[in-house]
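See structure below.
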Amino acid sequence: MRTEPLQIQNFIDGQFVEPIGGKYLDNIEPATGKAYSQVADSDSRDVDLAVAAAEKAFPDWLKKPAAERSKILLRIADLIERDLEKLARAESIDTGKPLSLARTLDIPRAASNFRFFATAILHTESEAHITDGVAFNYTLRQPRGIAGLISPWNLPLYLLSWKIAPAIACGNTAVAKPSELTPMTAYLLCEICREAGLPNGVLNVVHGTGPKVGAAITAHPKIGTISFTGGTVTGKKVAEACAPLFKKVSLELGGKNPNIIFADADLNAAIAGSVRSSFANQGQICLCGSRVFVERSAYKDFVDRFIERTAQLCLGDPLDEKTEQGAIVNEAQLDKIKFYVDLAQKEGGKIALGGKTPEPVNDRCRDGYFFPPTVITDLPVSCRTNREEIFGPVVTITPFDNEEEVIGYANDTDYGLASSVWTQNLNRAHRVAEQIHTGTVWVNCWLVRDLRVPFGGMKASGVGREGGTEALHFFTEAKNICIAK
Ligand code: NAD
């Protein structure tokens, strides 16, 4: 039975509404290449309506005791868990990711996001400072007003909830824009928010393209806070639009993450971890390790076993339970992947596995966007393939001789999002982690998540930090109140 609507409308002031221009975009299922629903093709007029609703809702929401806001967010988390199967299926159809991944990663983590911030706001502390015998200062953190929340297609519900939950938990209201490529779970979340009793106007979702809706959000004078996750090129445009308006901005952008394996690592764990970090969600996670560096004495053994294991990954229909590798999100992304695989060969790389469009996985998916896990060796570290974000199931493997050399390799990119280091030498782990320029360094693990830790990138991977206290601080304004003695 069909549960999704044919047309995904905007959610403004607690109601599902047509975009003012009456236009819709096709919403394509990546596994089939066919439109399976339509999504509102909104413009700045719809953003204006959403801002008006958010502005109207703000004074009451701000005054609600934290305990009441918390209860509503907890209800949202419960309802996400109740609807896990429905949401996971919608996410899998929308994105092309394996249903099993949506069910075990994306949707549970979206529920955790709401639960975490629902309880975090009950445990905040305010700083106080005594200024000698002269004054007493305390810090008052107040919500900033309307937050503009813009998210990408790769982890649609998980990343959108990572922004919505802290923004509204702190007492802000929000105008959110999911990616136009993957709008379905945001639509379902709006239904859940309504059922959970979130007051009208606290969360508004405007669907549509970046240039029309995203740009209208970043340019809107009444939206003072912008939390953006997406590509680095778009991030630059967002920063340019926000700077003259002095908006508070957080940018979570692209990555080209190194994965470093020392010869003393537990090789079984390093191989299993590297296969996962290279190919989870078809390599379309900003944190995926797309450059693997292996100490020369372990290189051959690692490459052989890594390829053997990767070759066993089951590429298939995302809705099939045994599928481990699903579809690429759209044709443009698939073309980009193919472009880089060609470029790698021109740059001297050897395709050790994959690299070619696969046979159709079944009849239903005949016109879908599929690409197999691809392993490339023998590339110079400084070539484009090794420096630019591909965002697909493509990984390069390069040998290194010593610590200093591999730290240089790891840092030889404009990006600085995440890295992983595999070694059993604790001193080395600390030493290397300290010198790698990435916002997260995982040691002997990957994608382990603790919602209290700061999350974000260095260099072209972004500015600002999300997660835990960082998010609570981002979505509030710190005011110092100084009382003379
Ligand atoms: P994208 O930059 O194309 O789009 C992201 C969002 O921005 C979409 O909602 C899009 O419609 C919107 N947008 C586009 N143009 C805009 C504009 N001018 N103004 C405002 N908004 C605009 O990114 P994508 O292709 O959807 O996602 C993939 C990228 O996201 C990759 O680079 C990936 O590394 C990155 N990413 C980063 C993180 C992180 O936490 N650092 C997480 C996930 C994805």
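Order of appearance sets the numbers: ligands from 1, and atoms from 1 within every ligand. Everything quoted here is computed from the prediction, not taken from an experiment.
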Distance-only side-chain donor-acceptor flag, Tyr340 / Glu388, under 3.5 Å: yes
Mutual orientation of the aromatic rings belonging to Phe306 and Phe279 [parallel < 30°, tilted 30-60°, perpendicular > 60°]: tilted
Atoms of ligand 1 close to Asn154 [distance to a heavy atom under 4.0 angstrom, numbered from 1]: 43 (C), 44 (C)
Heavy atoms of other groups near Asp414 CG, more than 12 under 6.0 Å: no
SB check Lys222 Glu55 (cutoff 4.0 Å): yes
N/O separation below 3.5 Å, Lys177 to ligand 1: yes
Pair Arg384 + Glu347: basic N to acidic O under 4.0 Å: no
Atom indices of ligand 1 within 4.0 angstrom of Glu252 heavy atoms, with elements: 37 (C), 39 (C), 40 (O), 41 (N)
Atom 35 (C) of ligand 1 - nearest protein heavy atom and its distance: Gly230 O, 3.2 Å
Donor-acceptor under 3.5 Å (Lys163 side chain, Gly148 main chain): no
Residue portion contacting ligand 1 (non-hydrogen atoms closer than 4.0 Å) for Thr229: both
Thr119 side chain to Arg115 backbone, donor-acceptor under 3.5 Å: yes
Atom NZ of Lys23: over 12 foreign heavy atoms under 6.0 Å: no
Atom 21 (N) of ligand 1 [closest protein heavy-atom partner, distance rounded to 0.1 Å]: Gly214 CA, 3.5 Å
Enumerated ligand 1 atoms positioned under 4.0 Å from heavy atoms of Glu180: 10 (C), 11 (O)
Within-cut-off N or O pair, Gly231 and ligand 1, under 3.5 Å: yes
No-hydrogen, no-angle side-chain donor-acceptor test under 3.5 Å, Asp94 and Thr182: no
Pair Tyr409 + Phe293: ring centers closer than 6.0 Å: yes
Ligand 1 atoms in contact with Leu417 (distance to a heavy atom under 4.0 Å): 41 (N)
For atom 36 (N) of ligand 1, the protein heavy atom that lies nearest, with its residue and separation: Cys286 CB, 3.6 Å
Any non-hydrogen protein atom less than 4.0 Å away from atom 41 (N) of ligand 1: yes
Close approach, Ala215 and ligand 1, non-hydrogen under 4.0 angstrom: yes
Check: Trp153 N/O within less than 3.5 Å of ligand 1 N/O: yes
Nearest-neighbour protein heavy atom for atom 32 (O) of ligand 1, which is reported as residue plus atom name and distance: Glu389 OE1, 2.6 Å
Polar contact flag for Phe455 and ligand 1 (N/O pairs, less than 3.5 Å): no
Contact (N/O only, under 3.5 Å) between Thr232 and ligand 1: no
Numbering as shown, the atoms of ligand 1 that approach Ser179 to under 4.0 Å (heavy-atom distance): 9 (O)
Heavy-atom pair with the smallest gap, counting every atom of Ala215 and Thr218: O-OG1, 3.0 Å
Ligand 1 to Leu253 polar contact by distance, N or O atoms, under 3.5 Å: yes
Residue Leu159 vicinity, atoms of ligand 1 by number, heavy atom under 4.0 Å: 42 (C), 43 (C)
Gly210 N/O to ligand 1 N/O under 3.5 Å: yes
Protein contact of atom 7 (O) of ligand 1 - nearest heavy atom, named by residue and atom, plus distance: Phe228 CE1, 3.2 Å
Gly457 heavy atom under 4.0 Å from ligand 1: no
Mode of Val213 contact toward ligand 1 - side chain, backbone, both, neither (heavy atoms, under 4.0 Å): neither
Exam field: side chain Glu191 to backbone Tyr187, donor-acceptor pair closer than 3.5 Å: no
Nearest protein heavy atom with distance in Å, relative to atom 8 (C) of ligand 1: Ser151 O, 3.4 Å
Taking atom 27 (O) of ligand 1 as the reference point, the nearest protein heavy atom with its distance: Pro152 CB, 3.2 Å
Main-chain N/O of Pro380 paired to Asn386 side chain as donor or acceptor, under 3.5 Å: yes
Polar atom proximity, Lys237 to ligand 1 (N or O, under 3.5 Å): no
Side-chain (Glu91) to main-chain (Met184) donor-acceptor, under 3.5 angstrom: no
Shortest protein contact, atom 28 (C) of ligand 1 (heavy atom only): Phe391 CE2, 3.7 Å
Residue Thr234 vicinity, atoms of ligand 1 by number, heavy atom under 4.0 Å: 1 (P), 2 (O), 3 (O), 13 (N), 14 (C), 15 (N), 16 (C), 17 (C), 22 (C)
Trp442 six-ring face occupied by Arg449 cation (under 6.0 Å, within 45°): no
Flag, side chain of Asp26 to backbone of Ala35, donor-acceptor distance under 3.5 Å: no
